[in-house]
Amino acid sequence: MSKLIVTPASSPNEEGRILQVTPESAGWQYVGFEVVQLEAGETLRRETGDQEVCLVLLSGKADVRTKEEQWHGIGQRMSVFEQIPPYSVYVTSHDSYEVTALTSLQIAVCSAPSAGNHRSRLIAPAQVGVETRGYGNIERYIHNILPESEPADSLLVVEVFTPNGHWSSYPPHKHDRDALPDESFLEETYYFRVQPEQGFAVQRVYTDDRSLDETLVVKNGEVVLVPRGYHPVSAPPGYDVYYLNVMAGPTRTWKFHNDPAHAWIMTKPSES
């Protein structure tokens with residue numbers, strides 16, 4: 001299997017974690033990512049240390065508490081494929097969080113370095129920017145959970161729904177050079193869910209010089225690491241694909257560069 005794919009464990013550990021990416025395991029500097037699965041009544045408790053954290057409720061309902069805040073009964077979707085914006089909680093560095101499941105619960109724990117410049121807060125569904133990108137079979141649906149327009153030190157978090165037979169992260173783009181204002185350097189994880197679950201997504205990760213050039217078959221629940229290069233995604237006919245992106249780098253801005261060979265695809269054909 002490719003080193004760019006991280007596969008979930010067959011069962012949760014004592015904390016409920018079923019998948020983990022750390023900067024050390026990924027061989028990079030900024031992005032951390034976990035998926036935690038809890039049953040009703042179970043609790044996850046952690047300190048944030050020098051990291052900021054975005055807790056995304058993938059499915060289920062929970063009570064969430066930080067040192068100074070608490071929110072009861074948050075969460076509304078029981079599956080990501082309900083395609084409604086999630087509840088999330090931003091937790092600043094040198095804080096703590098306690099998540100108690102009220103139902104069967106899956107949460108994504110997104111993390112990156114932080115100087116503690118922003119308060120912990122709830123990100124309610126009404127605060128999530130919803131948009132449609134692309135046209136035809138490159139149309140996909142976006143939930144901007146923690147975009148650069150919202151307060152954070154490092155993290156950018158977004159989820160994407162790619163209908164079956166469609167492509168996303170397309171035309172192929174990259175953000176692997178610290179060359180602002182044209183391009184920003186951002187590490188990125190893609191956490192995939194596929195419906196029906198026996199399906200798969202296809203993702204290619206490649207650089208201009210092809211020193212990295214992999215075409216990946218990604219199964220439900222797996223994560224793809226994107227340390228550099230272009231990274232388009234395809235949802236095969238019959239299988240809808242969801243992914244949660246987590247990005248972070250030295251500057252918190254998303255400035256990408258399209259593959260020049262395919263940039264023409266951005267131009268929507270005129271209707272006759």
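Note that this is a predicted model, so its numbers are computed, not measured.
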Might you point out which heavy atoms bring [X] and [Y] nearest each other, and give the distance in Å?
| X | Y | value |
| --- | --- | --- |
| Arg210 | Arg204 | NE-NH2, 3.6 Å |
| Tyr87 | Gly75 | CD1-N, 3.2 Å |
| Leu102 | Gly73 | CD1-CA, 3.7 Å |
| Ala201 | Val194 | N-CG2, 4.3 Å |
| Gly249 | Leu186 | N-CD2, 3.7 Å |

Query raised in the report: Any ion pair linking Asp240 and Arg193 (charged N to carboxylate O, less than 4.0 Å)?
Result: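 A salt bridge is absent here (no side-chain N lies under 4.0 Å from a carboxylate O).
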
Query raised in the report: So, are Arg119 and Glu68 salt-bridged, with charged N and O less than 4.0 Å apart?
Result: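 Between Glu68 and Arg119 there is a salt bridge, with a charged N closer than 4.0 Å to a carboxylate O.
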
Requested in this report: Mark yes or no: Arg46 above the aromatic ring of Tyr97, with NZ or CZ under 6.0 Å from the six-membered ring centre and no more than 45 degrees from the axis.
Outcome: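 Arg46 over Tyr97 ring: no.
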
Query raised in the report: Just wondering, do Leu216 and Val224 contact through their side chains at under 4.5 Å, heavy atoms?
Result: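 Val224 vs Leu216: side chains touch.
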
Under the 3.5 angstrom rule, does the side chain of [X] hit a backbone N or O of [Y] as a donor-acceptor pair?
| X | Y | value |
| --- | --- | --- |
| Glu222 | Lys219 | yes |
| His166 | Glu139 | yes |
| Ser59 | Leu105 | no |
| Arg77 | Leu58 | yes |
| Ser93 | Asp50 | no |
| Glu69 | Arg65 | no |
| Arg252 | Pro250 | no |
| Trp264 | Thr267 | no |
| Asp178 | Phe185 | no |
| Arg177 | Glu183 | no |

Just wondering, more than 12 heavy atoms not from [X] lying within 6.0 Å of its [atom1]?
| X | atom1 | result |
| --- | --- | --- |
| Phe81 | CZ | yes |
| Gln198 | CD | yes |
| Lys174 | NZ | yes |
| Met266 | CE | no |

Requested in this report: Report the residue from Tyr242, Tyr141, Tyr243 that forms a side chain to side chain donor-acceptor pair (under 3.5 Å) with Glu159.
Outcome: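 When side chain to side chain donor-acceptor pair (under 3.5 Å) is applied between Glu159 and each of Tyr242, Tyr141, Tyr243, only Tyr242 qualifies.
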
Requested in this report: Report the relative orientation of the aromatic rings in Phe161 and His143; use parallel for angles under 30°, tilted for 30 to 60°, perpendicular for over 60°.
Outcome: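 Judged by the thresholds at 30° and 60°, the geometry between Phe161 and His143 is perpendicular.
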
Query raised in the report: In terms of the angle between their ring planes, are His175 and His231 parallel, tilted or perpendicular, with boundaries placed at 30° and 60°?
Result: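 Geometry flag for His231 against His175: perpendicular rings.
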
Pairwise distance [atom1]([X]) to [atom2]([Y]) - rounded to 0.5 angstrom:
| X | Y | atom1 | atom2 | value |
| --- | --- | --- | --- | --- |
| Asn13 | Gln37 | CG | CD | 11.0 Å |
| Asp176 | Phe256 | CG | CZ | 13.5 Å |
| Ile123 | Leu55 | CD1 | CG | 9.5 Å |
| Ile138 | Trp167 | CD1 | CH2 | 11.0 Å |
| Cys110 | Ile145 | SG | CD1 | 7.5 Å |
| Glu39 | Thr103 | CD | OG1 | 8.5 Å |

Consider only side-chain N and O atoms of [X] and [Y], and report whether a donor and an acceptor are under 3.5 Å apart.
| X | Y | result |
| --- | --- | --- |
| Ser184 | Thr251 | no |
| Thr162 | Ser168 | yes |
| Tyr230 | Asn258 | no |
| Ser120 | Asp95 | yes |
| Glu131 | Asn144 | yes |
| Ser2 | Glu214 | yes |
| Tyr190 | Ser169 | yes |

Query - Set of residues satisfying ring-ring contact (aromatic ring centres under 6.0 Å, His included) with respect to Phe33, sequence neighbours excluded - result: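 Listed in chain order: Tyr191.
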
Requested in this report: Give every residue pair that meets the side-chain hydrogen bond (donor to acceptor under 3.5 Å, both in side chains) criterion with at least one member in residues 148-158, sequence neighbours excluded.
Outcome: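 Checked against side-chain hydrogen bond (donor to acceptor under 3.5 Å, both in side chains) - neighbours excluded - the pairs reaching residues 148-158 are Ser114-Asp153, Asn117-Asp153, His118-Asp153, Glu148-Thr253.
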
Indicate, with yes or no, if [Y] and [X] share a hydrophobic cluster defined by side-chain heavy-atom contacts under 4.5 Å among Ile, Leu, Val, Met, Phe, Trp and Tyr.
| X | Y | result |
| --- | --- | --- |
| Val91 | Val246 | no |
| Phe192 | Leu4 | yes |
| Ile107 | Leu146 | no |

Query raised in the report: Step by step, would you call Tyr90 with Glu52 a side chain to side chain donor-acceptor pair (under 3.5 Å)?
Result: CA-CA 7 Å; Tyr90 172 84; Glu52 63 184 2; 2.5 Å; yes

Requested in this report: Dump the intermediate steps for side-chain contact (heavy atoms from CB on, under 4.5 Å) on Glu15 and Leu44, then the final yes or no.
Outcome: CA-CA 6 Å; Glu15 276 194 312; Leu44 174 70; 3.8 Å; yes

Query - Pair Ile265-Tyr135, side-chain contact (heavy atoms from CB on, under 4.5 Å): steps then yes or no - result: CA-CA 10 Å; Ile265 295 167; Tyr135 63 90; 4.0 Å; yes

**Report entry** Full working for side-chain contact (heavy atoms from CB on, under 4.5 Å) between Leu244 and Val157
**Finding:** CA-CA 7 Å; Leu244 179 70; Val157 181; 3.9 Å; yes

Report task. Please test Trp28 against Tyr30 for ring-ring contact (aromatic ring centres under 6.0 Å, His included), starting from the C-alpha separation and ending with a verdict. Result -> CA-CA 6 Å; Trp28 57 32; Tyr30 297 97; 9.3 Å; no

**Report entry** Verdict with supporting geometry, Leu225 and Val6, side-chain contact (heavy atoms from CB on, under 4.5 Å)
**Finding:** CA-CA 8 Å; Leu225 309 177; Val6 181; 4.2 Å; yes

